Protein chains: 2
Amino acid sequence: MRSTETSPLTRKLSVFVALSYVELAVLDRLHTRRRIFPAGRDMVHQGQSSRAAFILSAGWVCSYKLQPDGTRQIVDFQIPGDFLGLRSVLLRTSDHSFEPVMDIEASEVLDKDLLDAFAQTPRLATAILWAASRDEAMVVEHLVGIGRRDADARMAHFLLELEARLALVGLADSNGYECPLTQYHLADALGLSAVHVNRVLRHLREDGLLTFRDGHVTIHDHDALVKLAGFDASYLDQTGPLLT
Amino acid sequence: MRSTETSPLTRKLSVFVALSYVELAVLDRLHTRRRIFPAGRDMVHQGQSSRAAFILSAGWVCSYKLQPDGTRQIVDFQIPGDFLGLRSVLLRTSDHSFEPVMDIEASEVLDKDLLDAFAQTPRLATAILWAASRDEAMVVEHLVGIGRRDADARMAHFLLELEARLALVGLADSNGYECPLTQYHLADALGLSAVHVNRVLRHLREDGLLTFRDGHVTIHDHDALVKLAGFDASYLDQTGPLLT
DNA sequence: CGTTTGGTTGATGTATGTCAATATTAGTGG
DNA sequence: CCACTAATATTGACATACATCAACCAAACG
């Protein structure tokens with residue numbers, strides 16, 4: 001089965017680099033060792049030293065840091081096709097935790113296999129490093145959002161970014177996308193209280209911008225959202241720089 | 001002159017990897033092409049494609065992103081010994097701007113020279129990538145701070161982090177350190193208004209925790225600051241993981 | 001000297017948090 | 001199939017941390 005369907009990761013990377021058969025095969029071989037992780041139970045725990053990374057094939061995960069006072073800040077969400085814990089492999093330690101938002105399916109990648117794959121196909125290595133840099137750019141944008149955007153703009157920006165990311169792996173259409181996050185997830189990611197998240201969502205809905213209900217985000221007025229959020233997608237699609 | 005004094009970068013990396021003579025020499029050779037940049041004028045501009053990175057040898061720089069509405073968010077500060085624009089070299093594009101906080105001295109590093117150095121001395125490459133990962137961890141911690149800490153704790157955390165970073169390159173003693181930032185810089189970095197930064201500093205001073213005056217930070221009660229900020233330095237000194 | 005830049009302080013406004021109550025829904029065991 | 005519980009969502013009343021506006025001061029600077 002594996003070789004006939006394209007994995008989300010393959011799909012994502014293919015947008016930026018035309019991968020050869022050999023590279024596709026190497027990528028495919030990283031997808032042995034599929035595992036299921038149940039919702040809500042940490043996969044990797046803050047401070048734990050770990051030598052494995054994962055490629056997420058189905059479901060969503062969030063990576064977060066816990067504060068001494070018990071509050072948590074979600075740093076990023078991982079969606080199908082995303083790497084998880086790439087830095088843990090390089091640094092041999094993880095400075096935040098990973099928790100599946102729902103039951104998920106992920107392929108465990110041992111550091112040795114990853115390094116072997118990199119050695120075999122430098123272009124693949126480049127593509128994956130590109131993806132990692134893109135993740136970092138998202139964290140920076142996230143920082144800017146929390147620091148300098150009000151709650152409405154922050155929410156709009158966040159949901160637009162998700163749309164763009166999901167579209168890349170075929171999980172969004174022109175109307176919207178499935179989103180399994182609770183309002184508590186949104187609150188922890190955006191630095192808001194859950195109550196205020198609810199109010200912001202109502203506000204956006206009443207203004208005819210978007211609807212988030214029953215796990216589905218429906219975009220009503222894309223242009224107005226982009227304007228409200230000050231959304232500039234250029235940090236997401238740095239097209240072509242690494243194609244050489 | 002170059003070979004008799006140790007650069008801040010050398011000093012920083014030496015804490016984590018015992019560098020050989022050859023490696024020290026390679027590192028030293030990256031410090032040709034010294035240049036002076038005047039305070040306040042952007043070195044690299046958002047969106048500009050650039051193939052050069054810099055090693056900061058004297059002075060402070062801030063990297064920031066501008067919002068469409070004119071506000072700015074400072075993502076990080078660079079201090080002597082820090083790399084500047086390492087990602088620009090890898091991605092061939094810069095998604096934020098760099099502005100010297102004061103007149104600075106930096107060594108320009110061409111991407112070719114950097115890649116050559118990496119090829120010659122893998123251990124050096126590892127050490128520099130470690131430093132880059134550490135920078136990323138700082139951005140994450142910064143995100144957590146803005147999202148989940150109140151203004152006092154945020155300020156305390158920020159100034160403690162700076163102390164730890166400066167100590168590593170010999171720019172802090174047990175009392176405190178020189179800090180050329182204005183309250184406007186602090187405001188843009190911490191997501192606060194300049195007025196409130198002033199009030200927070202007064203508050204910390206009146207509580208006998210620290211004094212920030214005339215470009216000098218004096219720490220009065222380190223323990224109390226650590227407690228207030230929920231400061232856990234483990235994200236800064238991931239000692240040893242890469243020594244192999 | 002006037003001008004600019006950075007700092008300081010008070011009065012007031014507002015975005016967002018906190019608390020509390022009530023739906024709504026999904027799951028769970030009987 | 002039904003009660004029971006636990007999540008999640010929703011809404012209002014109230015509290016507060018922080019922003020904004022405005023004025024003033026001190027030092028640096030041309």
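Everything numeric here is computed off the predicted structure, so don't read it as measured data. Letters A, B, ... mirror the listed sequences (proteins, then strands); counts begin at 1.
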Starting at atom NE2 of B/His185, determine the distance to atom P of C/dT5, rounded to an integer number of angstrom. 13 Å
When A/Val197 and A/Asp214 are each assigned the nearest nucleotide of DNA chain C, the 5'-most assignment goes to A/Val197
So what does B/Ala151 touch, heavy atoms closer than 4.0 Å: a base, only the sugar-phosphate, or nothing? sugar-phosphate
For A/Arg199, report the nucleic acid contact type (base, sugar-phosphate, nothing); a contact means any heavy atom under 4.0 Å. base
In whole angstroms, the gap separating C1' of C/dT9 from NE2 of B/His196 amounts to 14 Å
When rounded to whole Å, the CZ to P distance for the pair B/Arg149 and C/dG17 reads 17 Å
Would you kindly compare A/Arg148 and A/Tyr184 by the position of their nearest DNA chain D nucleotide and give the one closer to the 5′ end? A/Tyr184
Under 4.0 Å, heavy atoms only, any strand: does B/Thr182 hit a base, just the sugar-phosphate, or nothing? sugar-phosphate
For B/Gly191, answer base if it contacts any base atom (sugar-phosphate contacts may also be present), sugar-phosphate if it contacts only those atoms, and nothing otherwise; contact means non-hydrogen atoms under 4.0 Å. sugar-phosphate
Inter-residue atom distance B/Gln67.CD - B/Gln73.CD, 0.5 Å rounding: 8.0 Å
How many whole angstroms separate atom CG of A/Leu201 from atom P of C/dT16? 13 Å
d(A/His185 NE2, A/Tyr64 OH) to nearest 0.5 Å is 9.5 Å
When rounded to the nearest 0.5 angstrom, what is the spacing between OG1 in A/Thr32 and CZ in A/Arg34? 9.0 Å
Roughly, in whole Å, what's the span from CG in A/Asn198 to P in C/dA20? 19 Å
Mark yes when over 12 heavy atoms from residues, nucleotides or ligands other than A/His222 sit less than 6.0 Å from its NE2; otherwise mark no. yes
Between A/Met155 (CE) and C/dT16 (C1'), how many Å, whole number? 13 Å
Once you round it to whole Å, what is the distance between P of C/dA23 and CD of A/Gln183? 18 Å
Basic-acidic side-chain contact under 4.0 Å: A/Glu141, A/Arg149: yes
For a quick test of reading the model, state the closest non-hydrogen atom pair linking A/Leu192 to B/Arg148 and the distance between them. O-NH2, 3.3 Å
Classify the nucleic acid contact of A/Leu192 as base, sugar-phosphate or nothing, counting any heavy atom under 4.0 Å across all strands shown. sugar-phosphate
Give the rounded distance in Å between these two atoms: CG of A/Asp152 and C1' of C/dT14. 13 Å
Reading DNA chain D 5' to 3', which nucleotide is the first, and which the last, to come under 4.0 Å of any heavy atom in chain B? D/dC18 to D/dC21
Kindly determine whether A/Glu163 and A/Ile219 satisfy side chain to side chain contact (heavy atoms under 4.5 Å, CB included), including the steps that lead there. CA-CA 9 Å; A/Glu163 189 204 22; A/Ile219 307 241; 4.1 Å; yes
